[in-house]
Amino acid sequence: LERTTHVKVYMSFAQFESSIGDFQRAREVYKRADTALKEAEDKEGRVLLLEGWLAMEEGLGDNGKPDEVKSKQPKHVKKKRPLLAEDGSQSGWEEYFDYIFPDDANPQALKILEMAHKWKKQKVDE
């Protein structure tokens, strides 16, 4: 784990720890991986990691702590960015999905985004 920060390595290690029954160590591996992937700004890797972590916690039944992991789940946001042609001119827009994690987000920006979504929904409903 000192040589790489790839999500699959962390997930395999955490799955190994949980397979031998050491769930506390598996949680520590998941937390360490979440921190490492956050520092590396690997959003897709963090999403995969959190999905695996949530599956483990839900599989533990009463001994699991899924609420802790659910609070770390990101919001999926659809964004647009300009497409550039080979000559550098704008040739349209590309839609893509981005993830906003609760611990990474600026709370004020999220509040504005939520208000904008409510306003848009209200306009569509009218």
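Rounding to the nearest 0.5 Å gives a distance of 8.5 Å between CD of E44 and CG of L48. Distance check: K75 NZ to I100 CD1 gives 8.0 Å after rounding to the nearest 0.5 Å. In this structure, OG1 on T35 lies 14.5 Å from OH on Y30, to the nearest 0.5 angstrom. M11 contributes atom CE, which lies 11.0 Å from atom NE2 of H6 (distance to the nearest 0.5 angstrom).
Nearest heavy-atom pair, A14 versus A26, reported as atom, atom and distance to 0.1 Å: O-CB, 3.6 Å. Shown here for P102 and P74, the closest heavy-atom pair between the two residues is CD-CA, 4.3 Å. Shown here for L49 and D34, the closest heavy-atom pair between the two residues is CD2-N, 3.5 Å. Summarising the geometry of Q90 relative to L84, their closest heavy-atom pair is CA-CD2, 4.1 Å, with the distance given to 0.1 Å. Between A85 and S91, the closest heavy-atom pair is N-OG, 3.9 Å. Between S89 and D87 the shortest heavy-atom distance is OG-OD1, 2.8 Å.
Taking the side chain as every heavy atom from C-beta outward, F23 and K65 never approach each other to under 4.5 Å. Side-chain contact check for L60 versus P66: every heavy-atom pair is 4.5 Å or farther apart.
Without hydrogens or angle criteria, S12 side chain to V9 main chain gives no donor-acceptor distance under 3.5 Å.
Within a 6.0 Å radius of CD in E41, other residues, nucleotides and ligands contribute 12 heavy atoms or fewer.
Using a 4.0 Å cut-off between a side-chain N of Lys or Arg and a carboxylate O of Asp or Glu, E68 and R27 do not qualify as a salt bridge. Salt-bridge check for K72 with D103: failed, with every basic side-chain N at 4.0 Å or more from each acidic carboxylate O.
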Kindly indicate, with the supporting measurements, whether the criterion side-chain contact (heavy atoms from CB on, under 4.5 Å) is fulfilled by E57 and W53.
CA-CA 6 Å; E57 294 290 354; W53 188 1; 3.2 Å; yes

Determine whether L54 and K70 satisfy the following criterion, side-chain contact (heavy atoms from CB on, under 4.5 Å), listing intermediate values before the conclusion.
CA-CA 7 Å; L54 182 61; K70 285 181 184 177; 3.8 Å; yes

Are R25 and F16 close enough, and set up right, to give a side-chain contact (heavy atoms from CB on, under 4.5 Å), and what steps lead you there?
CA-CA 10 Å; R25 273 227 3 118; F16 166 74; over 6 Å; no

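A search for salt bridge (charged side-chain N to carboxylate O under 4.0 Å, His left out) contacts involving K78 returns E95, not counting sequence neighbours. Under the rule for a salt bridge (charged side-chain N to carboxylate O under 4.0 Å, His left out), E28 has no partner lying at least two apart in sequence or in another chain.
Judged by the 6.0 Å distance and 45° axis criteria, R46 is positioned over the aromatic ring of F101.
Among residue pairs with one or both ends in residues 60-97, those qualifying as ring-ring contact (aromatic ring centres under 6.0 Å, His included) are H76-Y99; sequence neighbours excluded.
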